[in-house]
Amino acid sequence: MDDIQAEWESRSVTSQEVNRRWTEGSYLFKQGDTYYMMYSANYFGGQYYAVGYATADNPLGPFTKAANNPVLEKNSNEGGNVTGTGHNMMLELPDGRMLCVYHARTRQTGENRVVFIDRMEIKENGELVVHGPTTGKQSIE
């Protein structure tokens with residue numbers, strides 16, 4: 001409760017979607033010598049639910065929130081139809097490629113959440129990037 005809230009972590013409150021802040025759904029993994037904790041913030045049932053991450057040298061912290069957060073959020077402001085992206089996990093394929101698995105809503109699914117899978121990567125500078133949300137077909141190549 002004493003962490004500094006980033007602007008994106010309180011959008012459900014500042015937009016008056018709900019009157020409280022949520023931070024939940026953490027997922028921890030290690031890449032090289034760095035621990036990455038991905039987490040969701042905002043109201044799980046709302047359009048501002050999004051994913052961010054923090055890094056640490058130890059699985060018990062202290063963790064530092066990333067400057068490029070959120071790394072996954074609604075795309076409806078850019079002409080897409082996805083909102084409520086959150087509660088994710090990372091899947092690493094045998095060839096080293098990384099995928100982000102999460103739930104979200106679309107105009108077609110309404111209040112029903114559906115599962116999305118998008119590519120993600122850790123750049124050479126340690127920055128985590130999720131290439132999504134994506135609603136079209138994706139090749140596994």
>> Would you say that more than 12 heavy atoms from the other residues, nucleotides or ligands in this model lie under 6.0 Å from the CD of Q108, or not?
In response: yes

Show me the donor-acceptor pairs within less than 3.5 Å that the side chains of residues 96-105 make with the rest of the protein, sequence neighbours left out.
residue: R97; atom: NE; partner: D95; partner atom: OD1; Å: 3.3
residue: R97; atom: NE; partner: D95; partner atom: OD2; Å: 2.7
residue: R97; atom: NH1; partner: I140; partner atom: O; Å: 2.4
residue: R97; atom: NH2; partner: D95; partner atom: OD2; Å: 3.1
residue: R97; atom: NH2; partner: I140; partner atom: O; Å: 3.0
residue: Y102; atom: OH; partner: D118; partner atom: OD2; Å: 2.4
residue: H103; atom: NE2; partner: R113; partner atom: NH1; Å: 3.3
residue: R105; atom: NE; partner: E111; partner atom: O; Å: 3.2
residue: R105; atom: NH1; partner: F44; partner atom: O; Å: 3.2

In terms of hydrophobic clustering (I, L, V, M, F, W, Y; side-chain heavy atoms under 4.5 Å; direct or indirect links), are [X] and [Y] co-clustered?
{"X": "L91", "Y": "Y35", "answer": "no"}
{"X": "L72", "Y": "F29", "answer": "yes"}
{"X": "V82", "Y": "V130", "answer": "yes"}

Is a donor on one side and an acceptor on the other found under 3.5 Å between the side chain of [X] and the backbone of [Y]?
{"X": "D33", "Y": "D57", "result": "no"}
{"X": "S12", "Y": "N42", "result": "no"}
{"X": "T106", "Y": "T109", "result": "yes"}
{"X": "R119", "Y": "V129", "result": "no"}
{"X": "T23", "Y": "S40", "result": "no"}
{"X": "Y53", "Y": "L128", "result": "yes"}
{"X": "E9", "Y": "R21", "result": "no"}

>> Connecting only ILVMFWY residues whose side-chain heavy atoms lie within less than 4.5 Å of each other, what is the rest of L60's hydrophobic cluster?
In response: none

Nearest-0.5 Å distance that lies between atom [atom1] in [X] and atom [atom2] in [Y]:
{"X": "T14", "Y": "W8", "atom1": "OG1", "atom2": "CH2", "answer": "12.5 Å"}
{"X": "N75", "Y": "N81", "atom1": "CG", "atom2": "CG", "answer": "6.5 Å"}
{"X": "T55", "Y": "K30", "atom1": "OG1", "atom2": "NZ", "answer": "13.5 Å"}
{"X": "E24", "Y": "Y43", "atom1": "CD", "atom2": "OH", "answer": "11.0 Å"}
{"X": "M89", "Y": "S26", "atom1": "CE", "atom2": "OG", "answer": "13.0 Å"}
{"X": "M90", "Y": "I122", "atom1": "CE", "atom2": "CD1", "answer": "7.5 Å"}

>> Using side-chain contact (heavy atoms from CB on, under 4.5 Å), reason through M120 and M38 one step at a time and then give a plain yes or no.
In response: CA-CA 12 Å; M120 67 179 274; M38 298 179 78; 3.9 Å; yes

Residue pair [X] / [Y]: nearest heavy atoms and the distance that separates them:
{"X": "G61", "Y": "A56", "result": "CA-CB, 4.0 Å"}
{"X": "G80", "Y": "R107", "result": "O-NH2, 3.0 Å"}
{"X": "Y27", "Y": "N88", "result": "CB-O, 3.7 Å"}

> So, do F63 and L28 sit near enough that their side-chain heavy atoms are less than 4.5 Å apart?
Replying inline: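 Yes. Closest side-chain heavy atoms under 4.5 Å.
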
> Are any of the side-chain heavy atoms of N69 and Y39 separated by less than 4.5 Å?
Replying inline: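 Yes. Closest side-chain heavy atoms under 4.5 Å.
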
> Between E17 and S15, does any side-chain donor sit less than 3.5 Å from a side-chain acceptor?
Replying inline: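 S15 and E17 do not have a side-chain donor-acceptor pair below 3.5 Å.
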
>> By the salt bridge (charged side-chain N to carboxylate O under 4.0 Å, His left out) test, which pairs, at least two apart or in different chains, include something from residues 68-92?
In response: R11-E73

